[in-house]
Amino acid sequence: MTESQHVTVGELQAADDDHGTDVTLPVVQLLTGRGFVTGKSGSGKSNTASVIGEELLEAGYPLLIVDTDGEYYGLKEEYELLHAGADEECDIQIGAEHAEKIATLALEENVPVILDVSGYLDENEADELIRETARHLFTKEKKLKKPFLLVVEEVHEYIPEGGGLGETGQMLIKIGKRGRKHGLGIVGISQRPADVKKDFITQANWLVWHRLTWENDTKVVGRIVDREYGEMVSDLGDGEAFLQTDWTEADVRRIQFRRKRTFDAGATPGLDDFERPELKSVSETLVGDLQDITEQQEKQRNRVAELESKLERKDERIAELKSELESARDVSAAARKMANAFRHGDVEPEDTQQTELPTGDAAEQQRERMETLESDLGDARDRIAELEAENERLRSENERLAKQADRPEVDALEDRVDELETALARKEIKLEQYREFADRQRQSNEAPSPGTSADLSSAGSAGSSTTASADPATNEERANQAAQRSDDGGSTTDDDMALLRSDPVSRRIAFARRESLCNEDYAWDVLTLLASNGPLGSREIEPRVDAQMESVRSLLTELRTDSLVTRDGDGRYDFDRSRLRRIRREES
């Protein structure tokens, strides 16, 4: 896959000569970026998601679709996908125990997957399946670094704006924030943007707004896009949408998405005859692997049930023996008391009148009975000890089997890895600061003579010689711009670079850079160029830093997400210096 590869999804809707022009989307941004598609029921949002899915599948890239309404299986009309869920129409019925295998098939064996959760009667079961599958995708992508797209329908159910965020929602937010640097992209689909957590929407680098009519939803469009679009979004036709992307100069485009080529399983049923098309099937070997997991899980469940039943029978038998033991103890105590009375002659006359004591053969039989009871008592105690030991063994085995699928130690290790990655990032930032300090010390010992133009690297950017110009006119223009900013109460290039290199600001820059596709040297080339020549458009920046356009734009997008840079109406970027100073002041 190259960064220049694009897929066609529709046509431009405009009043000028561009009307009817094909609209394309870059594959790398679709697979690794963060997207949001919204629109009321029937406006075309699911069709748009299917069109994107068709184009990616046509180009040979797999994806995983979390289908909440069973409307994506029509893709199997042309493409071989694994349709997994709870219904009999699925290729395989699965549960959370299959999540790791599903992630392996999708990432390592390039098998597209429709995770159909529409048939689960227990919402918790469906929720666990989604969460575990997403977790395994994220974990595996840390090592594979393979571009892959996770599509989630009805995303407001998992990351709601008003309600609490469950474990599944936290996992999806984690993918949205950190998945991109591992190659894992995510697109959320919802018919109610007002109900979706705004952090997810505002962090998206491509958004599709289909027709919305509810006032709360149109207000979201007005806040995130522009009030003008919030007023027009209710007038969009079927399949029409406002497309907002971070990788184009134009902020928003009005386009008409094409109709999906495959069977529309999500269409509203009508009076016409309905005929389901012939669908392609995946390899029986893949289904067999998943079936083996199902059978193993079923055997494990049966074994647990068998052990629990056996344990219950043992508990009942122990209770019976304990009851017999208590009775035996009572009889033994009575017999022992009577025998002692005979031996010591402690029987009073009144006692003999009230209780007829055995004599002769009867007394001998009573003693034999007592000895038998005491022997039975000892046997009962031994048997109880054996049963209690067996009981404990069965309980331990039961707990071991029940916890086989639970892997808390893995979660703990993943959390530790995250902590170490964060610590490493901070160490790298600190190391960069030490290097910068050493550079400044060295430069102060080799100060240029008066009249000599200082190299841009003195502002603190390694490799920034690509941004310096040998043209005297250009250098003079830069000097005039810096002087003008200083006269206007602004800042010079040196002031800007000192601000950018301050600890709290440089730390935020480092994190934004890691979320982008840009390496560290090019990132500081871009920052130095903006400090000396900003504001600039992305097309003006790219040739001066010798980096690919996608890398530059992804960096600017991440910086803009954290409000470190701003973008004016002409698409030009510059630092938000007041915010940078506030960050330095508040976090120092």
Side-chain angles (χ1 to χ4, degrees), residues 6-27 29-30 33 35-59 63 65 67-75 77-79 149 151-156 187-193 196 201 204 206-214 217-218 220-221 224-226 228-245 248 250-270 272 274 277:
H6 287 66
V7 293
T8 303
V9 296
E11 295 181 347
L12 193 65
Q13 299 288 94
D16 52 26
D17 295 338
D18 291 333
H19 184 85
T21 301
D22 286 342
V23 175
T24 62
L25 301 177
V27 172
Q29 293 287 357
L30 291 178
F36 180 64
V37 180
T38 186
K40 69 180 298 183
S41 179
S43 64
K45 66 181 184 305
S46 294
N47 175 79
T48 294
S50 294
V51 167
I52 292 173
E54 286 176 350
E55 294 296 333
L56 292 176
L57 291 170
E58 192 69 28
L63 70 164
I65 302 172
D67 186 359
T68 57
D69 292 317
E71 57 186 5
Y72 284 90
Y73 71 83
L75 290 169
E77 185 180 3
E78 288 193 17
Y79 309 102
L149 180 62
V151 180
V152 183
E153 271 280 3
E154 304 297 342
V155 72
H156 58 270
V187 53
I189 304 170
S190 173
Q191 59 181 323
R192 299 295 298 274
V196 180
I201 299 178
W206 63 276
L207 304 97
V208 178
W209 306 91
H210 283 283
R211 183 172 64 253
L212 295 164
T213 55
W214 193 47
D217 292 330
T218 59
V220 174
V221 181
I224 295 179
V225 188
D226 189 88
E228 176 186 1
Y229 294 100
E231 295 171 352
M232 295 190 299
V233 72
S234 60
D235 298 327
L236 293 174
D238 292 348
E240 252 192 323
F242 293 126
L243 175 63
Q244 184 180 14
T245 62
T248 53
D251 276 343
V252 183
R253 291 174 286 174
R254 182 169 182 166
I255 72 169
Q256 176 71 47
F257 279 88
R258 67 166 177 81
R259 290 287 298 175
K260 59 188 294 190
R261 293 187 295 267
T262 50
F263 170 63
D264 189 359
T268 303
D272 297 334
F274 170 81

Original post:
Between OG1 of Thr262 and CD of Glu77, what distance do you get to the nearest 0.5 Å?
Top reply: 6.5 Å
Original post:
Step by step, would you call Trp206 with Phe36 a side chain to side chain contact (heavy atoms under 4.5 Å, CB included)?
Top reply: CA-CA 7 Å; Trp206 63 276; Phe36 180 64; over 6 Å; no
Original post:
How would you list, by chain and number, every residue that makes a side-chain hydrogen bond (donor to acceptor under 3.5 Å, both in side chains) with Asp217, sequence neighbours excluded?
Top reply: Arg192
Subject >> Arg258/Glu55 ion pair, N-O < 4.0 Å >> reply: yes
**OP:** Check the side chains of Glu58 and Tyr79 for a donor-acceptor pair under 3.5 angstrom, ignoring hydrogens and angles.
**Re:** yes
Original post:
Looking at side-chain heavy atoms only, is the closest gap between Asn47 and Asp264 below 4.5 Å?
Top reply: no
Subject >> Trace of the side chain to side chain contact (heavy atoms under 4.5 Å, CB included) decision for Val23 with Glu11 >> reply: CA-CA 5 Å; Val23 175; Glu11 295 181 347; 5.6 Å; no
**OP:** Scan side-chain atoms only and decide if Lys45 and Thr38 contain a donor-acceptor pair under the 3.5 Å cut-off.
**Re:** no
Subject >> Nearest heavy-atom neighbours spanning Thr24 and His6 >> reply: OG1-CD2, 3.6 Å
Subject >> Backbone of Arg253 reached by a side-chain donor or acceptor of Gln244 within 3.5 Å >> reply: no
Subject >> Nearest heavy-atom neighbours spanning Ser50 and Leu75 >> reply: O-CD2, 4.2 Å
Do any side-chain atoms of residues 229-236 form donor-acceptor pairs under 3.5 angstrom with protein atoms, and if so which ones, sequence neighbours left out?
none

Original post:
Which is it for Leu243 and Leu25 under the side chain to side chain contact (heavy atoms under 4.5 Å, CB included) test, yes or no, and what are the steps along the way?
Top reply: CA-CA 10 Å; Leu243 175 63; Leu25 301 177; 3.9 Å; yes
Original post:
Taking the six-membered ring for Trp, are His210 and Phe257 parallel (under 30°), tilted (30 to 60°) or perpendicular (over 60°)?
Top reply: tilted
**OP:** Could you tell me which non-hydrogen atom of Glu71 sits nearest to which non-hydrogen atom of Lys260, and how far apart they are?
**Re:** O-NZ, 4.3 Å
Subject >> Ile224 vs Ile201 side-chain heavy atoms within contact, under 4.5 Å >> reply: yes
Original post:
Closest approach of His156 and Ser190, non-hydrogen atoms and distance?
Top reply: ND1-OG, 2.7 Å
Original post:
Hey, does the side chain of Glu240 reach the backbone of Ile255 with a donor-acceptor pair shorter than 3.5 angstrom?
Top reply: no
Subject >> side chain to side chain donor-acceptor pair (under 3.5 Å) assessment of Glu153 paired with Ser46 >> reply: CA-CA 8 Å; Glu153 271 280 3; Ser46 294; 3.0 Å; yes
Original post:
If every non-hydrogen atom of Gly42 is compared with every non-hydrogen atom of Arg211, which pair is closest and at what distance?
Top reply: O-NH2, 3.9 Å
Original post:
Which pair of heavy atoms, one from Asp67 and one from Tyr72, lies closest together, and at what distance?
Top reply: OD2-N, 3.0 Å
**OP:** Check whether any side-chain heavy atom of Val155 lies under 4.5 Å from a side-chain heavy atom of Ile189, and answer yes or no.
**Re:** no
**OP:** Take Thr245 and Gln29, measure what side chain to side chain contact (heavy atoms under 4.5 Å, CB included) needs, and give me the verdict at the end.
**Re:** CA-CA 10 Å; Thr245 62; Gln29 293 287 357; over 6 Å; no
**OP:** Sequence neighbours left out, what passes side-chain hydrogen bond (donor to acceptor under 3.5 Å, both in side chains) with Thr68? Give chain and number order.
**Re:** none
Subject >> pair Val252-Val225: side-chain heavy atoms closer than 4.5 Å >> reply: yes
Original post:
Are Val187 and Val37 side-chain neighbours, meaning at least one heavy-atom pair lies under 4.5 Å?
Top reply: yes
